[in-house]
Amino acid sequence: MTTPWDDWNHILKLDPDKELPDGVTYGDLCATGTDAIEVGGTMGITEENMSAVIEACAEHDVALYQEPSNPEVVLEDDALDGYLIPTVFNAGSPFWITEAHKEWVRLEGDLDWERTTTEAYIVMNPEADVAELTEANCDLGADDVAAYATVAEHMFGQEIVYVEYSGTLGDEGVVEAAAHATDESTLFYGGGIHDYDSAYSMAQHADVIVVGDLAHDEGIEAVRETVEAANDA
Ligand SMILES: CC(C)=CCC/C(C)=C/CC/C(C)=C/CC/C(C)=C/COP(=O)(O)OP(=O)(O)O
Ligand SMILES: O=P(O)(O)OC[C@@H](O)CO
Ligand SMILES: [Mg+2]
């Protein structure tokens with residue numbers, strides 16, 4: 001089976017709760033050469049701020065995915081190419097592994113399965129909002145992360161394994177171990193990518209690098225550098 005992310009090197013993750021730098025537009029960010037825009041964040045996400053960003057990106061020629069942090073903010077919008085639904089493998093509560101998902105299905109009934117894919121998150125930065133919210137056990141070695149990645153691929157059939165260091169650049173050895181452990185699954189890496197070198201080093205191991213805060217903090221040129229690195233690696 002081929003999936004869109006088989007061909008991706010770079011994702012730009014836009015947080016609807018964060019501003020863009022002065023003079024930067026969503027159109028500029030869509031035109032950085034990134035393979036896809038993923039709209040999501042942990043805190044402060046509402047239907048309103050989600051739909052504002054999705055609307056602003058919809059008119060541009062780039063793949064557009066929503067990454068909802070809870071069922072209440074999922075938007076039915078034809079402009080979306082699909083939904084990337086997190087499940088946190090190392091969460092402290094089953095709520096963030098399967099229970100939020102069960103509630104979503106119970107309340108919504110018939111979901112758009114053709115356009116819905118889960119991302120098997122392994123959350124690694126204990127300081128990140130996503131780690132606090134999900135009470136993730138981040139005290140993991142490269143061997144633990146590799147084992148989680150193997151479980152995600154072989155036991156849970158996950159198409160996407162996501163090593164998440166949101167807010168800080170991760171341990172390259174951990175990402176390398178996850179890369180060795182995954183075969184069919186696509187490995188996403190995100191966290192702290194801020195320039196060509198940090199992007200290149202993570203893209204050596206991950207199939208797809210995810211760049212987030214940089215877009216909100218630095219803007220277009222900085223993001224472009226990371227796209228170039230992802231494509232070079
Ligand atoms: C069942 C449905 C539709 C949703 C549940 C989805 C789950 C399990 C969410 C838990 C993990 C989560 C909150 C993912 C959101 C994406 C993410 C990791 C964003 C990065 O967040 P941070 O960078 O930590 O937070 P801020 O940037 O908002 O501070
Ligand atoms: O914001 P940064 O640190 O780039 O992280 C990107 C992404 O993995 C967050 O979910
Ligand atoms: Mg963030």
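Just so you know, these numbers use all the heavy atoms, side chains as well, and skip hydrogens, waters and symmetry mates. Predicted model, so just to flag it, every value in this text is computed and none were measured. Ligands are counted one by one from 1 in listed order, and the atoms in each one are counted from 1 as well.
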In terms of residue, atom name and distance, what is the protein heavy atom nearest to [atom]?
atom	result
atom 23 (O) of ligand 1	Ser166 OG, 2.5 Å
atom 27 (O) of ligand 1	Lys18 NZ, 2.9 Å
atom 16 (C) of ligand 1	Glu67 OE1, 3.2 Å

- Message: Under 4.0 Å, heavy-atom basis, I'd like to know which part of Tyr162 is in contact with ligand 2: side chain, backbone, both or neither.
- Response: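 Only the side chain of Tyr162 comes within reach of ligand 2.
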- Message: If the threshold is 4.0 Å, N to carboxylate O, is there a salt bridge linking Lys102 and Glu99?
- Response: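 No.
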Which option, [options], owns the non-hydrogen atom nearest [atom]?
atom	options	value
atom 8 (O) of ligand 2	Glu164, His194, Lys13	Glu164
atom 15 (C) of ligand 1	Pro16, Gly40, Gly41	Gly41
atom 2 (C) of ligand 1	Thr98, Thr134, Ile85	Ile85

- Query: Hey, what's the ring geometry for Trp113 with Trp104, parallel, tilted or perpendicular (30° and 60° as the breaks)?
  - Reply: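 Trp113 and Trp104: perpendicular rings.
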- Query: Which of the numbered atoms in ligand 1 are below 4.0 angstrom from a heavy atom of Asp15?
  - Reply: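 The list of qualifying atoms is 26 (P), 27 (O), 28 (O).
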- Against heavy atoms of Ala128, which atoms of ligand 1 measure under 4.0 Å?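 Going through ligand 1 atom by atom, the ones under 4.0 Å from Ala128 are 24 (O).
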- Query: Is there a side-chain contact between Lys18 and Asp217 (heavy atoms, below 4.5 Å)?
  - Reply: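 When only atoms from C-beta onward are counted, Asp217 and Lys18 do not touch, as no gap falls below 4.5 Å.
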- Looking only at distance, does Glu164 have an N or O less than 3.5 Å from an N or O of ligand 1?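 There is no such contact.
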